[in-house]
Asker: 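Okay, here's the structure, questions in a sec.
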Amino acid sequence: MKKITTFEQKKVLILGLAKSGEAAARLLHSLGALVTVNDGKAFDENPAAQALLREGIQVICGDHPLELLDEGFAYMVKNPGIRYDNPMVKRALAKKIPVLTEVELAYLVSEAPIIGITGTNGKTTTTTLIAEILNADGRSAKLAGNIGFPASAVATTATAEDTLVMELSSFQLMGTIDFKPKIALITNIFSSHLDYHGSQEAYEAAKWRIQENLTADEYLVLNFNQEKCRALAAHTAAQVVAFATDQKVDGAYSLEGKLYFRDEFIMETAALALPGEHNLENALAAIAVAKLSGVKNQAIIKVLTRFSGVKHRLQYLGEIAGRKVYNDSKATNILATKRALSGFENSKLWLLAGGLDRGNDFDELVTALSGIKGMAVFGETAPKLQKLANQLHIPTVHSKNVATALKEIFEKSTAGDTILLSPACASWDQYKTFEERGDMFIKAFEELKGELK
């Protein structure tokens, strides 16, 4: 870790704890900053705040007093999920206090080079693929950022021999100033998080910050399947490297069932372990980053032919009596489920879907669902999905939850079929998180597999 003096004897306010806030507080404290943590959760119910207090860090819990910002803070480090229209953040900005997120701190102290990955979809899968490929090549890659490992904590133990492979959300990128990865990657850009950013333009501007400080010495990897990304390529100082599934580009691409990087054959498309056009994009993005990093093809092939998916993201669980089972609980919207469905043969597919009713219909799934063998529907949106299934003459069962859905569909399916949990809905009507929903599905899979042994 670089021993920087930027924050030494400077007053810094940490707004919001969670993993990233706790890591940022400890890092800044070790750098000699005068840290105050302000978290909305009451102190008696806040183990993280209690631990920080024992370590000599000032904590203020239970509310967010605006007068706190009159105490001469030089910086605010906020939890990425806290919006910029929050009164505390607005007050800090009005006082011209720089508002950072902890990925900026990670960059400032990291001895390791950084590969930064952002985009609307595919970030976690692509980030994981890149790290696994680097490690398969004998490198030392450390996952960090939005993938669940606070960047400012990972950076403190990383050395110049490591590489930080960092997933970055638009929320995190808005709180960066000097952040500069060695290689930046944008997987794709669609409409998302408009409630946070206020407009699509503001959301895209936040994503584009990943290349803000890049020069001709760094690389920016862009998805040339998207016209939007092709247009952005003209507006960066970085070296642009493309990936595409439908054309030859200066970078990674697929043609006639083969994957290439700059005319160099890498592997057969059919050998990819993960199904679907979106996973082909993820694989090509990972190939581009890996080749720019000097990775050998052998390591790329080893990972891409074996990688079974990130948990809850089109994760291949295995087979039960000849039925292949996939857990895509992270598919919390219609677009994600459409992308998942594109990777399977409909004539052998059974879909499990349903969840929180946000008021939308599912007409966008009509083409994607055409010809599937059957469905199980559950949750608040079950009646809407049932109605759609009836229109398409798809046999459907109305299930209590994902666990019963698996068992009911298993009884109707036959060897050679595929069972896919891809809900197209958020989980909050029945579960706290999509992870909890996916974990129930995994448990049901393991129990059913055990019963049939």
Asker: Take a 6.0 Å sphere around NZ of K384 and say whether it holds more than 12 heavy atoms from other residues, nucleotides or ligands.
Answerer: yes
Asker: Looking at K123 and T127, would you say the former's side chain and the latter's main chain have a donor-acceptor pair under 3.5 Å?
Answerer: no
Asker: Assess, by modelled atom type and distance only, whether the side chains of N282 and T125 contain a donor and an acceptor separated by less than 3.5 Å.
Answerer: no
Asker: Is K291 paired with E264 through a side-chain N to carboxylate O contact shorter than 4.0 Å?
Answerer: yes
Asker: Whether the side chain of K338 engages the backbone of I334 through a donor-acceptor N/O pair (distance < 3.5 Å, no angle test) should be reported.
Answerer: no
Asker: If we only count heavy atoms from C-beta on, is the L351 to S422 side-chain gap below 4.5 Å?
Answerer: yes
Asker: Taking C-beta and beyond as the side chain, do F171 and H193 meet within less than 4.5 Å on heavy atoms?
Answerer: yes
Asker: Using the benzene-type ring in the case of Trp, are the ring centres of F261 and F243 under 6.0 Å apart?
Answerer: no
Asker: Are the side chain of S20 and the backbone of N79 linked by a donor-acceptor contact shorter than 3.5 Å?
Answerer: no
Asker: Regarding S170 and K207, do their side chains bring together a donor and an acceptor under 3.5 Å, going by distance alone?
Answerer: no
Asker: Spell out, as yes or no, whether a donor-acceptor pair under 3.5 Å connects the side chain of T101 to the backbone of Q172.
Answerer: yes
Asker: Side chains of L15 and H64, heavy atoms from C-beta outward: is any pair under 4.5 Å?
Answerer: yes
Asker: In Å and rounded to the nearest 0.5 Å, what is the CE to CG distance from M375 to L349?
Answerer: 10.0 Å
Asker: Decide yes or no for H312 and I442: does some side-chain heavy atom of the first lie under 4.5 Å from some side-chain heavy atom of the second?
Answerer: yes
Asker: Using distance alone, with no hydrogens and no angle criterion, decide if S329 and Y431 have a side-chain donor and acceptor under 3.5 Å apart.
Answerer: no
Asker: Side chains of T433 and E436 only: does a donor on one sit below 3.5 Å from an acceptor on the other?
Answerer: no
Asker: Begin from the C-alpha positions of E167 and T124 and carry the test side-chain hydrogen bond (donor to acceptor under 3.5 Å, both in side chains) through to its verdict.
Answerer: CA-CA 7 Å; E167 180 184 325; T124 299; 2.8 Å; yes
Asker: Starting at CD1 of I301, measure out to CD1 of I287 and round the result to the nearest 0.5 Å.
Answerer: 9.0 Å
Asker: Going by atom types alone, do T245 and E277 pair a side-chain donor with an acceptor below 3.5 Å?
Answerer: yes
Asker: Is a donor on one side and an acceptor on the other found under 3.5 Å between the side chain of R323 and the backbone of A321?
Answerer: yes
Asker: May I ask you to check if R209 and F179 form a cation-pi contact, with NZ or CZ under 6.0 angstrom from the six-membered ring centre and within 45° of the axis?
Answerer: no
Asker: Using only heavy-atom distances, determine whether the side chains of Q430 and N401 contain a donor-acceptor pair under 3.5 Å.
Answerer: no
Asker: Taking all non-hydrogen atoms of both residues, which atom of G119 and which atom of I186 are closest, and how far apart?
Answerer: CA-CG2, 4.4 Å
Asker: Please round to the nearest 0.5 Å and tell me the distance separating atom OG of S399 and atom CG of L352.
Answerer: 6.5 Å
Asker: Please report the interatomic distance OG1(T215) to CD(Q239), rounded to the nearest 0.5 Å.
Answerer: 8.5 Å
Asker: Show, in sequence, the C-alpha distance, side-chain angles and deciding distance for E132 and K302, and conclude whether the salt bridge (Lys or Arg N to Asp or Glu O under 4.0 Å) test is met.
Answerer: CA-CA 10 Å; E132 293 205 6; K302 179 180 179 180; over 6 Å; no
Asker: Strictly below 4.0 Å, N to O, side chains only: are E268 and K258 in salt-bridge contact?
Answerer: yes
Asker: Can you check whether L314 reaches L274 side chain to side chain, under 4.5 Å on heavy atoms?
Answerer: no
Asker: Can you tell me how far the NE2 atom of H278 sits from the CG atom of L335, to the nearest 0.5 Å?
Answerer: 9.5 Å
Asker: To the nearest 0.5 angstrom, please state how far the CD1 atom of I114 sits from the OH atom of Y107.
Answerer: 7.5 Å
Asker: Give the minimum heavy-atom separation between L105 and L27, together with the two atoms involved.
Answerer: CB-CD2, 3.9 Å
Asker: Can you list the steps and then say if V325 with L420 is a side-chain contact (heavy atoms from CB on, under 4.5 Å)?
Answerer: CA-CA 6 Å; V325 182; L420 168 66; over 6 Å; no
Asker: At their closest point, which heavy atom of N346 faces which heavy atom of A368, and how far apart are they?
Answerer: ND2-O, 2.9 Å
Asker: Are side-chain heavy atoms of L185 and T126 found at a separation under 4.5 Å?
Answerer: yes
Asker: For R83 and D85, run salt bridge (Lys or Arg N to Asp or Glu O under 4.0 Å): C-alpha distance rounded to whole Å, both residues' side-chain angles, the deciding distance at 0.1 Å, then the answer.
Answerer: CA-CA 5 Å; R83 289 165 37 159; D85 57 3; 2.8 Å; yes
Asker: So with a 6.0 Å cut-off around CH2 of W208, is the heavy-atom count from everything else above 12?
Answerer: yes
Asker: Side chains of V89 and I82: does their closest heavy-atom pair fall under 4.5 Å?
Answerer: yes
Asker: Going by the side chain to side chain donor-acceptor pair (under 3.5 Å) test, which pairs reach into residues 364-373, not counting sequence neighbours?
Answerer: K373-D417
Asker: Test side-chain contact (heavy atoms from CB on, under 4.5 Å) on L280 and L259 and set out the steps.
Answerer: CA-CA 9 Å; L280 176 56; L259 306 185; 3.6 Å; yes
Asker: If you take all heavy atoms of N223 and T187, which pair is closest and at what distance?
Answerer: ND2-O, 2.8 Å
Asker: Is it the case that the side chain of E104 and the backbone of I177 share a donor-acceptor pair, with hydrogens and angles ignored and the cut-off at 3.5 Å?
Answerer: yes
Asker: What I want to find out is whether K248 reaches D263 closely enough, with some N-O distance under 4.0 Å, to be called a salt bridge.
Answerer: yes
Asker: For T269 and S254, work out which heavy atoms get closest and say how close.
Answerer: OG1-CB, 4.5 Å
Asker: May I ask you to say whether R313 pairs ionically with D328, meaning some side-chain N is under 4.0 Å from a carboxylate O?
Answerer: no
Asker: Any donor-acceptor pair under 3.5 Å linking the side chain of N188 with the backbone of N121?
Answerer: yes
Asker: Would you call E212-K180 a salt bridge at under 4.0 Å N-O?
Answerer: no
Asker: Where the side chain of K19 meets the backbone of A23, is there a donor-acceptor pair that is under 3.5 Å apart?
Answerer: no
Asker: Using modelled atom types and a 3.5 Å cut-off, is there a donor and acceptor pairing between side-chain atoms of N135 and backbone atoms of A131?
Answerer: yes
Asker: What heavy-atom pair brings T381 and D357 nearest, and what distance separates the two atoms?
Answerer: CG2-CA, 3.5 Å
Asker: Check step by step if side-chain hydrogen bond (donor to acceptor under 3.5 Å, both in side chains) holds for Y203 and T120.
Answerer: CA-CA 10 Å; Y203 170 67; T120 306; 2.8 Å; yes
Asker: Do D178 and N213 have a side chain donor and acceptor closer than 3.5 Å?
Answerer: no
Asker: Looking at R139 and D137, does any basic side-chain N land under 4.0 Å from a carboxylate oxygen?
Answerer: yes
Asker: Just wondering, do L292 and V221 contact through their side chains at under 4.5 Å, heavy atoms?
Answerer: yes
Asker: Could you go through the side-chain contact (heavy atoms from CB on, under 4.5 Å) check for T176 and V103 one step at a time?
Answerer: CA-CA 7 Å; T176 58; V103 295; 3.7 Å; yes
Asker: Mark yes or no for whether S427, through its side chain, and F434, through its backbone, hold a donor-acceptor pair below 3.5 Å.
Answerer: yes
Asker: Does either side chain, that of Q211 or that of T236, offer a donor lying less than 3.5 Å from an acceptor on the other one?
Answerer: yes
Asker: Quick check on the 6.0 Å ring-centre criterion: do Y84 and H197 meet it?
Answerer: no
